[in-house]
2 protein chains.
Amino acid sequence: MPSTRAQTKKEAILQSASKFFSERGYWDTSVNDISKATGVAEGTIFYHFQSKEDLFLAVLQKFKEDFVGKFKQHLKEQKFASGMDMLEGAISFYLYQSSVMEERFLLLHRHHYYQIAPENPKCWQYLEEIYSGLISIFEQAITRGMEDGSIRQVSPNKKALLVFTLIDGLVRLDTYNLYQATSLYDEVIESCRCWLKP
Amino acid sequence: MPSTRAQTKKEAILQSASKFFSERGYWDTSVNDISKATGVAEGTIFYHFQSKEDLFLAVLQKFKEDFVGKFKQHLKEQKFASGMDMLEGAISFYLYQSSVMEERFLLLHRHHYYQIAPENPKCWQYLEEIYSGLISIFEQAITRGMEDGSIRQVSPNKKALLVFTLIDGLVRLDTYNLYQATSLYDEVIESCRCWLKP
DNA sequence: TTTTTGACTGAGCACTCACTCAGGATTTTG
DNA sequence: CAAAATCCTGAGTGAGTGCTCAGTCAAAAA
């Protein structure tokens, strides 16, 4: 049975690694960096994780569980008047989260994942689960909206993909500081309404 | 005056480096890889470029000149009936290019640039020129459309940003092989029409 | 108490990498 | 021609990397 101390250290490593990988990326972070920041010997990291890449994937998994779970729960708790309301709530939540935990979003946009994914089923699986999880949320909202009449008859899947692409793209431009894109919030909502209004 | 041979070698290095950086990314490409593939000594690379990062930036600059220039020229040559037509032409061209020279687009989506940019004015400048160059193309089309009546009165700047975000996001999902997003071409055009129709 | 087990350590290993430099080759200039 | 300038070379350097492993330590088991 693992001691509480061990659990704590493993979690501390994960947390620290998440910060480093998000802010600096995979290659600009050395295992030494993480060990120093966590106050843990380098060997400890390799005791808990098979390799640096394994640690990287563990961070992604944690993000998946945290974020997608949080997202779904948030939408369950809220009571929306209509499908369109739910969609707007989802968009709002997504953009809000992206500003609150910007560095975690950077993690998702790290290119390294997409480089590993083709050869690493686990990595692929996590990414797939994150994206399809998010898109399915939008899809559900649209489907519901089509049923209650707040959204016109469209292909929920395609529209959900478009909506997601749009807001994820904006978050990206924002993180890169190319444009204050999320300030376009009203414009985005307006655009989606335009796509979907009956 | 530099000899023709020198020019050739420098160009060969640039070409080879572009391929490597696009396909493998910055960290997975070693200077040795580039020198071997080009058939040039490692020292030669450092004779022509101050550092690996300098070479990386030179590749970005070349992309900028090639792509944005090509884009603008393409739109100049074509005669569009209306602003809306021009916008569709621009979208079409963008998506077409992304499939034809996919690896060059991957270059633009490499995260390393966005990591360097905050500290490197040159890098920042190139990225800024590329993005604002592209967005201004869409903006021009929208403005023209507003004048000839094919597009309703909107904020050209904001709408251009949205249009660009949408299609660039789709290209991204496509390159990552998460979804065959560019197959949504019709849907995208339809969406833009919905946004902009009078 | 003694033994065993699991968490943890950090010096050290093998290796890779960007970059250098002394010198050779080639072209341009006087 | 010679001298100067430019272009090019590739073995070598040193810093840094992911990862190992022999060993310490504390707590649980016998």
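Throughout, protein chains are lettered first and strands after them, A, B, ... in sequence-line order, and every chain is numbered starting at 1.
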query: Rounded to the Å, how far apart are A/D28 CG and D/dT17 C1'?
result: 13 Å

Distances for protein N/O vs nucleotides 18-24 of chain D N/O pairs under 3.5 angstrom?
unit_1	atom_1	unit_2	atom_2	d
D/dG18	OP1	A/K52	NZ	2.7
D/dG18	OP2	A/V31	N	3.0
D/dC19	OP2	A/K52	N	2.7
D/dC19	N4	A/E42	OE2	2.9

message: Can you see if the side chain of A/K10 gets near the phosphate of C/dG6 - specifically, an N or O under 4.0 Å from OP1 or OP2?
response: no

- prompt: Would the number of heavy atoms belonging to other residues, nucleotides or ligands and lying under 6.0 Å from NZ of A/K158 be above 12?
  reply: no

task: Nearest whole angstrom, please: distance from the P of C/dT20 to the CG of B/D54.
output: 12 Å

Table please: side-chain donor-acceptor pairs of residues 96-110 of chain B below 3.5 Å, with sequence neighbours left out.
unit_1	atom_1	unit_2	atom_2	d
B/S98	OG	B/L95	O	2.7
B/S99	OG	B/Y96	O	2.8
B/H109	NE2	B/D168	OD1	3.1
B/R110	NE	B/F21	O	3.4
B/R110	NE	B/S22	O	3.3
B/R110	NH1	A/H111	NE2	3.2
B/R110	NH1	A/Q115	OE1	3.4
B/R110	NH2	B/S22	O	2.7
B/R110	NH2	B/E23	O	3.3

Separation of C/dC19 C1' from B/F56 CZ (nearest whole Å): 18 Å

message: Taking 4.0 Å as the cut-off, does a side-chain nitrogen or oxygen of A/K36 come that near to OP1 or OP2 on C/dG10?
response: no

- prompt: What is the ring orientation for A/F164 with A/Y131, classed by angle as parallel under 30°, tilted 30 to 60°, or perpendicular over 60°?
  reply: perpendicular

- prompt: What is the distance, rounded to the nearest whole Å, between atom CZ of B/F49 and atom C1' of D/dC7?
  reply: 14 Å

- prompt: Can you name the residues that form a ring pair (Phe, Tyr, Trp, His ring centres under 6.0 Å) with A/W195, not counting sequence neighbours?
  reply: B/W195

task: Quickly work out the B/I34 CD1 to C/dA18 P distance and round it to whole Å.
output: 8 Å

task: Please check the phosphate of D/dC8 (OP1 and OP2 only) for any side-chain N or O of B/Y47 closer than 4.0 Å.
output: no

message: Does the Lys NZ or Arg CZ of B/K159 fall within the cation-pi geometry relative to B/F138 - under 6.0 Å from the ring centre and within 45° of the axis?
response: no

query: What do you reckon, is CD of B/E128 surrounded by more than 12 foreign heavy atoms closer than 6.0 Å?
result: yes

- prompt: Which listed nucleotide (D/dT6, C/dG10, D/dG10) is nearest to the side chain of A/A41?
  reply: C/dG10

